[in-house]
Visitor: 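Got a structure for you, questions after.
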Amino acid sequence: MTNFLLFIVLPYACLAVFLIGSIYRYKSRGFTVSSISSQFLEGRKLFWGSQPFHWGLFVLFFGHLIAFLFPRAVLAWNGQPVRLLILEIVAFAFGVCALLGLVLLVNRRLTSRRVQVVTSKMDVLVFVILLTQIISGLLVAYHSRWGSSWFAAFLTPYLRSIFVFDPQMDAIASVNSLSLKVHVISAFTLIGVIPFTRFIHFLVYPVDYLWRSYQQVIWNWNRKSIRTSRAHSEGHKSKNN
Amino acid sequence: MDIRSQVSMVFHLDKCIGCHTCSIACKNIWTDRKGAEYMWWNNVETKPGTGYPTKWENQDIYKGGWEKNGDSVSLKGAGKFRGLKNIFHNPHMPVLDDYYEPWTYKYQDLFTAPEGDDQPTARPVSLVTGEHMDVQSGPNWDDDLGGSPDYARQDVNLQSLSEAEQEAMFQLERMTFSYLPRICNHCLNPACVASCPSGALYKRGEDGIVLINQERCRAWRMCVTACPYKKSYYNWHTGKSEKCVLCYPRLESGQAPACFHSCVGRIRYLGVLLYDADKIKDAVSVPDDQLVDAQLDIYLDPFDPEVIKQARLNGIADSTIDAAQKSPVYKFVKEWRLALPLHPEFRTLPNLFYVPALLPTMATVANGVYDSTSKSLWNGVESNRLPMKYLASLFSAGSTGKIVEVMKRLMAVRLHRRGVTVGDLNVAEISSAMSEVQMDAETADAIFRLTSLATFDERFVIPPAHREESIEMLENTADVKGNTGFGFKEKPARGL
Ligand code: SF4
Ligand code: SF4
């Protein structure tokens with residue numbers, strides 16, 4: 001029963017909240033969708049924390065995504081021990097990066113008076129979830145070798161079963177590793193709290209910047225009679241005035 | 001030709017008295033809010049000086065603006081790849097201490113302090129942390145050359161002067177300064193717009209005002225660094241960037257922006273310029289010494305029938321064309337060639353132009369005698385107390401010829417008017433000064449009139465906003481009734 005709640009009900013609840021909540025927040029509470037950077041108040045410590053943290057997570061996120069989407073490719077890559085070792089070491093290194101960065105960021109919040117002014121309960125929640133997530137992940141990687149192989153073999157089928165609405169939790173429930181279970185649960189929790197926290201900013205990472213033209217012009221009146229120019233792209237009109 | 005209209009500005013520095021009324025008018029309307037206390041969308045600097053934020057002109061530090069890159073330009077410290085790479089930590093971004101820590105005083109203590117032997121005091125408290133603080137700097141800390149060894153001496157424009165020239169400038173007898181009020185230039189090639197990864201910044205097509213869509217801003221902070229004038233500010237409380245809006249709600253209802261309206265010295269002029277958007281790319285890519293001419297070349301003659309025809313085709317209202325014909329900015333910038341852009345080498349094509357101040361001539365000290373007499377009533381412009389090279393570094397990307405030209409024209413007007421009103425000058429001297437800059441008496445009188453006697457309506461020729469068609473004006477204005485500043489529809493809290 002507990003397993004059912006943790007590995008089937010919780011994932012679906014979190015995913016639903018994530019989807020509905022994020023769309024609602026983006027559409028109706030757009031003003032709050034921000035990375036709410038505090039670099040302006042404290043810039044030096046942020047560098048040492050934010051860079052390793054974000055790049056670490058960036059790589060790990062795509063690593064997990066690839067293992068989920070192309071498990072066979074990962075298994076094939078891991079066929080040779082050297083390649084497996086390289087993959088594991090790289091992944092672990094980025095995990096350590098992310099953890100170190102996060103610890104420095106927590107330390108920054110605790111020590112900089114100015115940053116404390118803009119710290120809320122939401123930030124505490126974010127830190128707790130992230131610490132649980134990264135530490136449990138590192139423990140899994142260290143104890144249950146080799147993670148990249150069995151992720152592709154066991155976890156991918158479980159996750160896929162969730163996404164195709166045919167949940168099969170036997171594999172995950174029978175795994176004898178507390179840290180792995182914690183890792184999975186906190187991952188879904190993280191997804192579930194996205195709409196309520198600053199995590200939302202990762203959904204609006206501005207990739208479209210790469211293909212838009214640099215200058216943006218918006219006409220508010222007489223738009224039809226103005227010929228379209230190729231020297232700019234249409235901007236997005238503000239809703240709030 | 002792709003003709004657009006731009007609301008542009010002229011500040012006549014000869015008339016600025018450095019009273020900061022403009023800054024206060026702006027602060028009261030727009031930035032008297034939590035998180036915005038440190039912002040001065042309008043600020044007044046003393047030159048020479050380091051300004052606000054400190055050393056903003058030094059792009060070796062802040063990497064703002066554009067730089068020439070072959071026959072095109074690229075953003076100096078931002079751009080697509082650099083922007084996305086630096087998104088987790090922006091290495092060139094100014095932080096609070098580069099501006100100043102805003103503060104207030106505990107006035108209440110003056111009333112509530114218990115009886116005692118000492119006078120009660122109102123101690124300064126930080127508007128960020130709320131704690132007691134020692135005030136270390138402010139937005140005009142170097143006002144009137146205060147602390148000049150630390151501030152004026154650090155002015156980055158002095159780099160264009162030799163050691164000896166700098167020494168000469170800072171001798172007590174020779175020292176001088178001029179004020180430099182600054183607002184956002186609502187540039188034609190805005191670096192802030194180009195640098196914003198989420199596309200929150202945009203230029204309004206109708207009047208060229210550059211705005212930040214508060215809902216789309218995600219606090220990526222790139223505009224703060226990219227604007228070479230440091231006129232985009234980060235609100236640390238809301239997690240959104242903000243900038244001068246040229247009081248567009250006032251403009252749309254036919255009023256001058258607050259800083260213009262309140263200006264005590266009446267140094268400010270506002271009017272429409274028509275320009276050719278197709279020429280922007282070429283104009284920003286020319287070598288430094290051609291920048292001023294290339295920029296002035298973009299602005300079109302509003303009386304030219306061809307320009308009028310094309311403007312109409314482009315959807316520019318007749319009333320706007322009419323405003324362009326009456327524009328005081330067009331007169332100062334194009335007809336009279338008296339006003340120059342600030343730091344054209346940043347290549348953003350700023351639409352705020354400055355008439356440089358005709359400063360007092362250099363005095364000499366010999367045998368302890370201070371001598372400020374001169375051969376003629378006003379000495380030649382080359383003996384201006386601020387070296388031409390210094391002014392050229394501010395207003396013409398280093399070409400002193402441009403500054404001397406403007407100075408000579410200003411001087412010709414003065415000589416002419418002295419001839420008219422007092423009549424004690426040698427007529428030949430006046431006419432040679434006038435013919436050197438090819439100015440006739442009629443033009444000189446017109447310049448004099450617009451400089452000294454202009455009424456409100458002559459200084460501010462605001463194109464009608466066509467409210468009946470304006471969407472931004474018509475939507476939900478009642479929602480923000482009773483609010484101050486932006487009138488946020490949502491509570492400006494961080495995150496949720
Ligand atoms: S002055 Fe700065 S903020 Fe204003 S339009 Fe130019 S680049 Fe943008
Ligand atoms: S109000 Fe006018 S005169 Fe006074 S400081 Fe501002 S620009 Fe100068």
Side-chain angles (χ1 to χ4, degrees), chain A residues 25 29-43 46-47 50-51 53-55 113-114 116-118 120 122-123 195-198 200-201 204-210 212 214-227 229 231-233 235-241, chain B residues 2 80 83-84 87-91 93 95-96 128-131 189-190 193-194 197-199 201-206 211 213-221 224 234 236-240 277-278 280-281 313-315 317 466 469-472 475-476 480 488-490 492-496:
Chain A
R25 180 159 169 201
R29 310 252 301 131
F31 185 69
T32 67
V33 180
S34 163
S35 63
I36 43 175
S37 158
S38 54
Q39 178 176 359
F40 179 73
L41 296 174
E42 198 290 318
L46 180 77
F47 172 82
S50 176
Q51 290 284 29
F53 168 74
H54 279 100
W55 290 113
R113 187 63 196 96
R114 284 183 190 163
Q116 277 170 20
V117 173
V118 293
S120 63
M122 180 269 292
D123 290 301
F196 310 103
T197 54
R198 64 192 308 170
I200 191 103
H201 77 272
V204 289
Y205 183 82
V207 265
D208 55 336
Y209 185 38
L210 289 175
R212 82 150 215 253
Y214 272 125
Q215 299 299 357
Q216 303 208 98
V217 182
I218 293 179
W219 269 271
N220 287 308
W221 359 295
N222 259 348
R223 289 166 102 193
K224 271 184 229 117
S225 58
I226 290 165
R227 81 186 158 94
S229 160
H232 66 271
S233 33
H236 299 269
K237 260 207 77 184
S238 159
K239 272 193 286 155
N240 61 349
N241 51 26
Chain B
D2 180 3
K80 300 196 170 176
L84 293 185
I87 209 159
F88 305 134
H89 180 272
N90 184 349
M93 182 185 164
V95 294
L96 184 64
V128 179
T129 60
E131 290 166 0
N189 185 35
V193 174
S198 41
L201 283 106
Y202 62 97
K203 197 170 173 66
R204 296 214 301 190
E206 293 80 11
L211 296 175
N213 181 341
Q214 291 286 298
E215 282 203 6
R216 285 190 69 85
C217 174
R218 312 275 182 237
W220 304 131
R221 323 169 298 290
V224 180
Y234 182 69
W236 55 266
H237 174 61
T238 59
K240 304 273 166 169
D278 286 339
I280 291 178
K281 187 169 171 290
L313 281 179
N314 237 9
H466 301 279
E469 295 166 50
S470 159
I471 296 165
E472 278 187 310
E475 267 177 0
N476 305 335
V480 292
F488 290 105
K489 279 165 81 181
E490 289 165 37
R494 291 172 57 78
L496 270 190

Visitor: Spell out, as yes or no, whether a donor-acceptor pair under 3.5 Å connects the side chain of Tyr214(A) to the backbone of Lys80(B).
Guide: yes
Visitor: Are the side chain of Gln216(A) and the backbone N or O of Val193(B) linked by a donor-acceptor pair below 3.5 Å?
Guide: no
Visitor: For His89(B) and Phe47(A), take the angle between the two ring planes, folded into 0 to 90°, and tell me which bin it lands in: parallel under 30, tilted 30 to 60, perpendicular over 60.
Guide: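 His89(B) and Phe47(A): perpendicular rings.
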Visitor: Excluding sequence neighbours, so at least two apart, what forms side-chain contact (heavy atoms from CB on, under 4.5 Å) with Val95(B)?
Guide: Asp98(B)
Visitor: Taking all non-hydrogen atoms of both residues, which atom of Ile218(A) and which atom of Glu206(B) are closest, and how far apart?
Guide: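 Where Ile218(A) meets Glu206(B) most closely, the heavy atoms are O-OE1, 4.0 Å.
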Visitor: Measuring heavy-atom distances to chain A, does Lys281(B) have an atom under 4.5 Å in its side chain, in its backbone, in both, or in neither?
Guide: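 Contact with chain A involves no heavy atom of Lys281(B) at all.
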Visitor: Just so I understand: if I count every heavy-atom pair under 4.5 Å between each of Gln116(A), Arg113(A), His201(A) and chain B, which residue has the most?
Guide: Arg113(A)
Visitor: Provide the closest heavy-atom pair for Arg221(B) versus Ser37(A) in the form atom of the first, atom of the second, distance.
Guide: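 Closest approach of Arg221(B) to Ser37(A): CD-OG, 3.1 Å.
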Visitor: I'd like to know if the side chain of Gln39(A) and the backbone of Met93(B) have a donor-acceptor N/O pair within less than 3.5 Å.
Guide: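 No; zero donor-acceptor contacts below 3.5 Å.
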Visitor: Could you pull out all residues at least two apart from Lys203(B) that satisfy side chain to side chain donor-acceptor pair (under 3.5 Å)?
Guide: Gln6(B)
Visitor: Taking Ser50(A) for the side chain and Phe88(B) for the main chain, is one N or O donor matched with an acceptor at less than 3.5 Å?
Guide: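 Side chain of Ser50(A) to backbone of Phe88(B): a pair is present.
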Visitor: Does Phe31(A) offer a backbone N or O that forms a donor-acceptor pair with the side chain of Lys240(B) under 3.5 Å?
Guide: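 It does hold such a pair.
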Visitor: What are the two closest heavy atoms between Ser34(A) and Cys217(B), and how far apart are they?
Guide: CB-O, 4.4 Å
Visitor: With only heavy atoms counted, which part of Tyr205(A) is less than 4.5 Å from chain B, the side chain, the backbone, both or neither?
Guide: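 Backbone plus side chain of Tyr205(A), per the 4.5 Å heavy-atom cut-off to chain B.
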Visitor: With the side chain counted from C-beta on, respond yes when Val117(A) and Trp236(B) share a heavy-atom pair under 4.5 Å apart, and no when they do not.
Guide: yes
Visitor: Taking all non-hydrogen atoms of both residues, which atom of Tyr234(B) and which atom of Ile36(A) are closest, and how far apart?
Guide: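 Here Tyr234(B) and Ile36(A) meet closest at OH-C, 3.6 Å.
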Visitor: Tell me, out of Leu201(B), Ile280(B), Asn90(B), Ile87(B), who's got the most heavy-atom pairs with chain A below 4.5 Å.
Guide: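 The answer is Asn90(B).
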Visitor: For Leu41(A) and Val128(B), work out which heavy atoms get closest and say how close.
Guide: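 That closest heavy-atom pairing would be CD2-CG1, 4.2 Å.
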Visitor: Using side-chain heavy atoms (C-beta onward) and a distance below 4.5 Å, is Thr129(B) in contact with Arg114(A)?
Guide: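 Of all side-chain heavy-atom pairs linking Arg114(A) with Thr129(B), at least one is under 4.5 Å.
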